[in-house]
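This report refers to the structure that appears directly beneath it.
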2 protein chains.
Amino acid sequence: MKEGPDIAQIGALIGDPARANMLAALTGGRALTATELAGVGGITVQTASTHLAKLEAGGLLAQRKQGRHRYFTLADEAAARLIESMMGFAAGRGHLRHRPGPKEPALRKARICYDHLAGDYGVRMLDSLISSGSIDAVGDGLALTEKGESDLKCIGIDVGALRSSRRPLCRSCLDWSERRAHLAGSLGKALLASFLDKGWARRAAESRSILFSPEGDRQFLKLFPLETN
Amino acid sequence: MKEGPDIAQIGALIGDPARANMLAALTGGRALTATELAGVGGITVQTASTHLAKLEAGGLLAQRKQGRHRYFTLADEAAARLIESMMGFAAGRGHLRHRPGPKEPALRKARICYDHLAGDYGVRMLDSLISSGSIDAVGDGLALTEKGESDLKCIGIDVGALRSSRRPLCRSCLDWSERRAHLAGSLGKALLASFLDKGWARRAAESRSILFSPEGDRQFLKLFPLETN
DNA sequence: TTCATACTTCGATCGTAACCGAAGCATCGC
DNA sequence: GCGATGCTTCGGTTACGATCGAAGTATGAA
């Protein structure tokens, strides 16, 4: 009864709607100020301030002071992963905040999930990488093959550099809209970064959507074809 | 702001101490009655009843009516995984319900985690399987090798039968006491079952400890030697 | 049938925490 | 220096939900 870690504390932390909204917004990967977070939480700045203090004390958020602003992000990848897995679970149980259906088509097509590509395009990318033999889906995990490493080099991704970070290279992340896996980890991050870098796509200003240009769209679909069998 | 799954609901569900205690108890894998769960939650049966109804409605619990008893278990593996990952996160942040330290040595040595072996012995088993080449730790996942499959057959585990279930064969599960991975999935379950079956170990009556007999201990340590380099 | 056990529902109480207005700091631009 | 902006702290209100006693339903035993 009093053995083990206290899941009630973080449960309660995430369990408040205002805090949950803020955390979900930070899943976008972008650092947000206290005032912005108050907006997404639908509360005043005073209230947001106390919420943010609690979330930070609980190890879910990190803050960076910059001038008179205070930028908040998810504390680390573990925190992001926790929020993601809760989203996956909630989506699987039909705990949706809005009436289901393709309410936000852009968001379902492509959006950012902490720092990598999610949505329809995210799922397609992983599927394509697997069917082309660039990534092995082995057991419950993902692993980059030698072919994958050389293929990625061709589109300007230096896998060696990614490997040196302590963060796992490939990780699968369950998508709440597609209910299927997409690619996370440092490779997922690097791929999205390269799309943005190439000008294929850009982040929407207010939402978590990733907007592909017509040309970027064409290139992406060509680079990651669907297995048609 | 109102896009995506509602993590606040399940957060709140887990966020109540009484409910969290019940969920943690059910991590033991054993089905418990409403009255027993009231005990672990430290509340009366009436209160427990309303809590359990909420947890069931939230998709975290399943119940099976048997005579005048009502047995509760975690709804499925997804629910168990969610609780486990929250425990892992909470442990990593020092959210412990008791003063740290080796308070419950038996529990740290070997305990059940939903349906597989955790604790020091669980970690040791996975480490040994990896270093002997029975399991490949590839990417962030685990995969059984051919050598592993034949080795397991020798100790009476039919991998083919396990494969036919929809549940993943190998899954890594983060341990809150060891802060390292151990083996979950249907293989993890089968291994623990075989230890119990062979009489090497038995479940403690009231806690989640797995108690090894002197002989079982000897066999286990011989079967899963530590890499000493 | 009658009694006992396991559990649920109802009704009322009570504590905690979310909330906001107002005031207090800190930082920036001027 | 001054005012404006971003954020925190304080105090008091309010609402929600956890809690339990009491009564109600279902199952089993005698």
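Every chain is numbered from 1 and lettered A, B, ... according to where its sequence line falls, protein lines coming before strand lines.
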* Rounded to the nearest angstrom, tell me the gap between atom CG in B/Leu32 and atom C1' in C/dA6. => 15 Å
* Asked: With respect to the side chain of A/Lys65, which nucleotide from C/dA17, C/dT27, D/dC20 is positioned closest?
  -> C/dT27
* Is B/Asp120 salt-bridged to B/Arg111, cutoff N-O under 4.0 Å? -> no
* Length of the CG-C1' vector between B/Leu13 and D/dA18, whole Å -> 13 Å
* Could you please name the option among D/dA18, D/dT8, D/dC20 that lies closest to any side-chain atom of B/Arg19? => D/dA18
* **Pairwise 5' ranking along DNA chain C for A/Gly67 and A/Thr50, keeping only the more 5' one** => A/Thr50
* Asked: B/Thr44 has a side chain; which of D/dC20, C/dA26, D/dT5 sits nearest to it?
  -> D/dC20
* Could you check which of C/dT5, C/dT8, D/dT8 has an atom nearest any side-chain atom of B/Arg68? => C/dT5
* OP1, OP2 of D/dT8 versus side-chain N and O of A/Ser49: anything below 4.0 Å? -> yes
* Taking NZ from A/Lys54 and C1' from D/dT9, how many angstroms apart are they, rounded to a whole number? -> 13 Å
* Structure fact -> In terms of heavy-atom contacts, A/Leu60 and A/Ala79 come closest through O-CB, 3.8 Å
* Identify whether the distance between the nearest side-chain nitrogen and carboxylate oxygen of B/Glu84 and B/Arg171 falls below 4.0 Å. => yes
* To do: Whole angstrom is fine here: how far is it from CD in A/Gln9 over to P in C/dA17?
  => 11 Å
* Asked: So which nucleotide from D/dA18, D/dG21, C/dA18 ends up closest to the side chain of B/Gln46?
  -> D/dG21
* **Side-chain donor-acceptor pair present, A/Ser213, A/Glu215, cut-off under 3.5 Å** => no
* Salt-bridged, A/Lys109 to A/Asp217, with N to O below 4.0 Å? -> yes
* To do: Give the rounded distance in Å between these two atoms: NE2 of B/His51 and P of C/dT9.
  => 15 Å
* Check whether any side-chain nitrogen or oxygen of B/Thr47 sits under 4.0 Å from OP1 or OP2 of D/dC20, and answer yes or no. => yes
* Once you round it to whole Å, what is the distance between C1' of D/dT8 and CG of A/Leu52? -> 11 Å
* Any A/His69 side-chain N or O less than 4.0 Å from OP1/OP2 of D/dT5 -> no
* Asked: DNA chain C: B/Gln63 or A/Ile43, which has the more 5' nearest nucleotide?
  -> B/Gln63
* To do: Round to a whole Å and report the spacing from CZ of B/Phe72 to C1' of C/dA6.
  => 11 Å
